[in-house]
Amino acid sequence: YQIGDKSKKKLVPGQSVSNKVKELFIVCKNMRVLSFGFKDADKDNGRQIANGLLHHAYPKRHPLLFMYDIKEPYNKPITKEARLYVTAEDWRKDLTRCKAKKWRISDVNKNFSVTLHMPEYLVVPETITNSQISTAARDFRNEGFPVWVWGTEHAALVRMPDLLPSLTDRVQENILITQVHKSHPRTQPIIVDLSRDCPTPKEVQSSYSKLKNLCTPDSVRVYKAQDFKFYGLLDQSKWLHHISMCLSKAVECAKVLVDDTTTVILQEDKGEDMNCVVSSLIQLLLDHHWRTRKGFQSLIQKEWVALGHPFAFRLGHILDPDIEPSFLFLLFLDCVWQMLQQFPTAFQFSETYLTTIWDSSHITIFETFLFNSEHSRFLAGKQSTLRSVWNWSEQFSESDITLFDNPLYERSNKERLIPSTGISCLDVWRQCYFRWIPDLEIRNGGRPQIDICNRFLSEELELLRHKLATSNFNGAINKTKEEKLQILRRVNSFYPFSHNCASADQQLNNQLLLSSDALETQSIYNLATD
Amino acid sequence: MDKRGSLELLNLEGSNYTKSSSFSPETAETRIFSKPENRWGKTSPSKSYCSSSSTSTENVVSTLERHKGNSASGIEATLSNRPDDPPLVLGERVAGQARDVTYLCPYYGPARGVLTVTNYKLYFRSVDKEMPYVIDVALGVVSRIEKVGGQSSRGENAYGIEVFCKDMRNLRFAHKQENHSRRDVFEKLQQFTFPLSHKLKLFAFEYSENFAENGWAIYEPIAELKRMGINNDMWKISKINENHEVCDSYPAVWAVPAQATDDDLRAVAAYRSRGRIPVLSWIHPESQATITRCSQPLVGVSGKRCREDEKYIQLIMDANAQSHKMFIMDARPSANAIANKAKGGGYESEDAYQNAELVFLDIHNIHVMRESLRKVKELCFPTIEETRWMSGVESTYWLKHIKCILAGAVRIVDKVENHKNSVLVHCSDGWDRTAQLTALAMLMLDPYYRTIKGFEVLIEKEWISFGHKFQQRIGHGDDHHSDADRSPVFLQFIDCVWQITQQFSNAFEFNECFLITILDHLYSCRFGTFLCNSERERLQEKLKEQTKSLWSFTNCQLDYYKNPLYWANTHQQQVLIPVASLRHINLWKSYYCRWNPSMRTQDPVYQRTRELLIMKEHMEKQVEESLREQQSRISRNNISPA
């Protein structure tokens, strides 16, 4: 885990640590708080540890990250858990699935010759030539250009960066937009300026740090004082305001795309921050395909990883005074969580899954959220083994992974989602933000109880289905009510991140594993519809 | 129009699947009035959402009633000939009607229609044939009626009536200016909304529906005490107050320490405000730690003491062998408790009560709560201003009060459950905050009270029998809308219960709809349950004979109120300890903001679970059938070769 720490005075990397470290208070990016006392330790230990932490938590260069140090052999094939969008094939599948006809796959960026910020294969208007693209790209920030990311028969969702700020004429931009228009000539495409309509990375980050303060009280006194003014403080953090803005922007664009069958072009500075957030949200709203677990992983690969969200900078993997960390990815996951709250049957995955993705994004063993672009991943891949985060079995046992499934998921729910985006309709993602505060855990309560009840239910349903299918009616029920109660008694509101009964967890998961069979059959159905 | 409603309802009844899948009555209502794509109540809010009746269930139920009356006994009176007439419950009659009235809906704009006043409700139906607006409000819900504009008022819709409701909404109607068109309706409204101010009886005394269940029988004080194991060695049932002479606001049956004599009890009563002495609310089945309740001691400025009271408290402590310490929880902020000394009240000094520890729970009085709720209404009705929502919630202080009450109850539970201490709870008079605390603590401690019937018993016992002044706090049928005795104490209790159900979604047999139904009929005056201030008054008014109990109504249709996630086992003690932190407490939007059509009307989690449960039921039946078939086939095969 990467760590930001302070003790009485905040420790800044590069600064010498005094040799009288009495206590170390560590605040993690995932809102976990750790505090260590050095009263009984050797005199110098505190300083050593603090220095070690500072050194490893804030590496100055990318190659100092832990990923490059792991020597453990790894020979998992390229993951099948998600489409990676590094090959033309992945894009082709999408084009076919979306019935987008007037678009083609271009290899203009082969060998990253046009831009280092995008993958080698991209989807562009059918009528445009590769040379037109390379010429135009010079006028855009990050040498980018408009690319297709999703669409219907009648309209497309397109992402692009701004023109270089030094330019005054928009000739090249206009040429490209005309080509986009040609692919769906019925209506003029609408350009949505996200740098104007959505919070900036800086705003998001300042909001995050206020939220973090609210979630990491360093004493009971602070906790109580915060609790007293909780709604006011939450309001001041603006976190929910930002979520509301992103969601409403996505809802608005989705409406244009589908109701007005008009192409939407998302435009933003470098096209790699808010574009990722809004573009993926729009697709989740409109296309049930992305709401399965594999679909969601593919969506993240496409919109965030392949199209170059600068994870190394934004997640603060490396320390550099010039970069601006901003947890836009967390903002996105939170938006998805809000949708999951409003449409609990529409997603194949659970909130635990979302929380785990966030946790995993800081583990520098996995490559998925480590690089700024496909290009840097490509370079690193030459000298080091890459481990995809989507191979969940690297991190978790099978029984843990079953907790990623949402027992309420309804395969047939293919509706377009229209969430309420007002702040009054949003909530705090308690599991993710509060789980390290033991006082806030509801014993035998909270959402996991609902989750588990529904797991039991789907288990029973599966059994009945099986009986009917095989005409064998003599099978016994697999858990008695008593056994189920026993399980429920052990589950608290932050499960599986609970601290109040950690010892029982593994056993508990194994018991739940049985009940997950039913869910798995569901997911098989989903693969079939892919 | 009406026919269409009942026809669809018939279909609803006919098909098992649809009926049970329409989990909350709201759904049923939606199905009656709106197009099917509104399944989530989200995609395109239809006009009909505005038409929510005063009770979520009422529309459906009244339609059911009509349907019943129609087909079974053929009572024509209940089925009106004119389409504008409202559906009536038994005992209800139309008192006045005005045509060409415009309802100024804050969400969809004006709608023209017919406004009808009966002796029970206000009913408005727009003339729009496609999707009529229906407003259906029990008059008991109305707190104030005002005329808007006069004969000379200019502007469209400037002349009319405004109705202010106790359930977080206001309604505005515009009338034509000619011929004093509002006069008759206005007078009738005044008359039947405030019957007590017009020397009339409350509607509950005219309501004549017959229910298959008798809700009045749900609570038997002695049976409930027996359930808790009383009499036992330490506690006895006392009938000293049989004629309500020792304490006129207490019930006739008390459970008191076995060793206390009648003289003791009388002496203690003299020292406690309004004679409300400490009596038993709940006893722990294993440890025998108890929750007792009372009013403040009459200490006064001179610091008066009472030997008998001190001895009596000692008896309560001694009745619990597990502990030699006892807690007295004073619900008030300490400053208020001290201030009460000037009025002859006060609190127990720890010198006088050895081994007792006094704790102040810092819960504010009824006036503070009334003001806080007023701000909640401002925030929630008619529309929500999104950008200022959170600071708005903060500034009402409502959630802070909720938190204080929950935290107080959690403290009581902690003492009783974890430390096996007995706890005595009081505030000033012991009928507002005390009832909130004891009832919540009991709900957390005892799974019985989390069943539907158990919850009804809890309300009957801790609130109704122990003299929460419903008449005064709600002001049934009385036009003094600014009366300082009114306060949302009971609403606040239900809100706390809702907060607990949010934290423990599978521990309660009932759902949110049950809580909202209770609140709707808290005001409606259709049932006798929440009328009067004390058991004594209820006897005098012969409520049990002359009115129906709300529980008769609810217990006839339990399916509506069942929580599909309920997973408790009442035989095993399981204590709920909610987290009383604002980080977990939310504003109960589905109650306070429910008139806003953009509100999600039902919880999709419940909906989905319910669907799954129904699926399970179906499949279980199928399995059974196939099994039977298989068996009969086998037996046939066995016979045929023979």
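Residues B:Gln503 and A:Ile442 are in side-chain contact: their nearest non-hydrogen atoms beyond the backbone lie under 4.5 Å apart. Looking at heavy atoms from C-beta onward, A:Gln236 lies out of side-chain contact with B:Met390 at the 4.5 angstrom threshold. Using a 4.5 Å cut-off on side-chain heavy atoms (C-beta onward), B:Ile577 and A:Asn444 make no contact. A 4.5 Å side-chain heavy-atom check between A:Ser458 and B:Leu612 finds every atom pair outside the cut-off. The closest side-chain heavy-atom distance from B:Glu394 to A:Asp235 is not below 4.5 Å. Using a 4.5 Å heavy-atom cutoff, the side chains of B:Ser581 and A:Phe230 are not in contact.
In B:Lys377, the NZ atom is crowded: over 12 heavy atoms of neighbouring residues, nucleotides or ligands sit closer than 6.0 Å.
Taking each heavy atom of B:Gln622 and A:Leu468 in turn, the nearest pair found is OE1-CD1, 3.5 Å. Of all heavy-atom pairs spanning B:Asn586 and A:Tyr231, the tightest one is OD1-OH, 3.1 Å.
If you measure heavy-atom distances from A:Lys229 to chain B, the contacts under 4.5 Å come from both the backbone and the side chain. In this structure, chain B has no heavy atom under 4.5 Å from any part of A:Tyr433. For B:Glu620, the parts lying under 4.5 angstrom from a heavy atom of chain A are both the backbone and the side chain. Interface residue B:Val605: backbone and side-chain heavy atoms are both found under 4.5 Å from chain A. With a threshold of 4.5 angstrom between heavy atoms, B:Leu613 approaches chain A through its backbone and through its side chain. Only the side chain of A:Leu457 comes within contact range of chain B, with at least one heavy atom under 4.5 Å from a heavy atom of that chain.
Among A:Ile423, A:Leu240, A:Asp439, the residue with the largest count of heavy-atom pairs under 4.5 Å with chain B is A:Ile423.
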Decide yes or no on side chain to side chain contact (heavy atoms under 4.5 Å, CB included) for B:Glu386 and A:Ser424, but give the supporting numbers first. CA-CA 6 Å; B:Glu386 292 291 351; A:Ser424 68; 3.0 Å; yes
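Rounded to the nearest 0.5 Å, atoms CG (A:Asp227) and NZ (B:Lys400) are 10.0 Å apart. The line from CE of B:Met619 to NE2 of A:His466 is 11.5 Å long, rounded to the nearest 0.5 Å.
Checked by atom type and distance alone, the side chain of A:Lys467 never pairs as donor or acceptor with a backbone atom of B:Val623 at under 3.5 Å. No donor-acceptor distance shorter than 3.5 angstrom exists from the side chain of B:Arg608 to the backbone of A:Thr345, with no hydrogens or angles considered. Proximity of a side-chain donor or acceptor of B:Arg583 to a complementary backbone N or O of A:Cys215 within less than 3.5 Å is not detected.
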